[in-house]
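In what follows, a single structure is set out as structure tokens and then discussed.
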Amino acid sequence: MHTIKTGVLVFAWLGIAAHAAAQSSIEPVLKGLSNPRGVTVGPAGRVFVTEAGTGVAGTGRISMWWHGNASVVAAGLESVFSDEGPVAGPVGIGLTGLGQLYFTYGGGFAAGSSMGTVQRATPKLRQIADIHAY
């Protein structure tokens, strides 16, 4: 009898969980991204996304979503086709407590490119480290 009650409880819980899942919805907040790779959430709920771009020079960027509005934080970033993947460009992203935004270029090491580097995006774009050199 104890087993039957437990079984009923499990089925009841599964029914509630399935109903809750059916009630939830996913709503995109950023659309039109070009090869999105990394995401981080900053102060006040700002969401930052790196986009590797299309493989054409200058199509990499960093986009931000905040309070229902989308904007581009950094545009014209390097984007190249690579031997290691279809498109290489901005990938990882992080934010310091002081609000400085950092990102990595990755996805391959195209000759003469910034791939394999760490960059500071704010307040001004600047290379911080060359990981590929090591």
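These numbers come from the heavy atoms of this one structure, side chains and all, not from hydrogens, waters or symmetry mates. Note that this is a predicted model, so its numbers are computed, not measured.
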Polar side-chain atom of [X] near backbone of [Y] as donor-acceptor pair, under 3.5 Å:
| X | Y | answer |
| --- | --- | --- |
| Gln119 | Phe103 | no |
| Thr40 | Phe48 | no |
| Thr122 | Leu101 | yes |
| Thr117 | Gln127 | no |
| Trp66 | Ala44 | yes |
| Ser79 | Gly60 | no |

Pairs satisfying salt bridge (Lys or Arg N to Asp or Glu O under 4.0 Å), at least one member in residues 91-106, at least two apart: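 Residue pairs passing salt bridge (Lys or Arg N to Asp or Glu O under 4.0 Å), neighbours aside: none found.
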Tell me, which pairs form a salt bridge (Lys or Arg N to Asp or Glu O under 4.0 Å) where one or both residues lie in residues 113-123, sequence neighbours left out?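 Every pair satisfying salt bridge (Lys or Arg N to Asp or Glu O under 4.0 Å) with a residue in residues 113-123: there are none.
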What about [X] and [Y], same hydrophobic cluster or not, with Ile/Leu/Val/Met/Phe/Trp/Tyr joined at side-chain heavy-atom distances under 4.5 Å?
| X | Y | result |
| --- | --- | --- |
| Val87 | Leu33 | no |
| Val72 | Leu125 | no |
| Met64 | Ile62 | yes |
| Ile131 | Ile128 | yes |

Measure across Val49 and Pro36 and return the closest heavy-atom pair with its distance rounded to 0.1 Å.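 Smallest interatomic distance, heavy atoms only, reads CG1-CB, 3.9 Å.
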Rounded distance [0.5 Å steps], OG in Ser71 versus CZ in Arg46: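 That separation rounds to 9.0 Å.
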First locate atom CZ of Arg37, then atom OG1 of Thr104, and finally report the distance between them rounded to the nearest 0.5 Å.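 If I round to the nearest 0.5 Å, the distance is 11.0 Å.
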Could you tell me which residues satisfy side chain to side chain contact (heavy atoms under 4.5 Å, CB included) with Val29, sequence neighbours excluded, listed by chain and number?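 For Val29 the side chain to side chain contact (heavy atoms under 4.5 Å, CB included) partners, ignoring immediate neighbours, are Trp65.
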Just jot down the side-chain hydrogen bond (donor to acceptor under 3.5 Å, both in side chains) partners of Thr54, sequence neighbours excluded, or say none.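 By the side-chain hydrogen bond (donor to acceptor under 3.5 Å, both in side chains) rule, Thr54 matches Thr59.
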Tell me every residue that passes side-chain hydrogen bond (donor to acceptor under 3.5 Å, both in side chains) with Arg61, counting only those two or more places apart in sequence or in another chain.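 Arg61 satisfies side-chain hydrogen bond (donor to acceptor under 3.5 Å, both in side chains) with Glu51 once adjacent residues are dropped.
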Do the non-hydrogen side-chain atoms of Tyr105 and Val118 ever get within less than 4.5 Å of each other?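 No. Closest side-chain heavy atoms not under 4.5 Å.
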Side chains of Glu78 and Met115: closer than 4.5 Å at any heavy-atom pair?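 Heavy-atom side-chain distance check passes, below 4.5 Å.
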Solution key, residues 91-98 side-chain donor-acceptor pairs under 3.5 Å, sequence neighbours excluded:
residue: Thr96; atom: OG1; partner: Leu98; partner atom: N; Å: 3.3
residue: Thr96; atom: OG1; partner: Gly99; partner atom: N; Å: 3.4
residue: Thr96; atom: OG1; partner: Gln100; partner atom: N; Å: 3.1

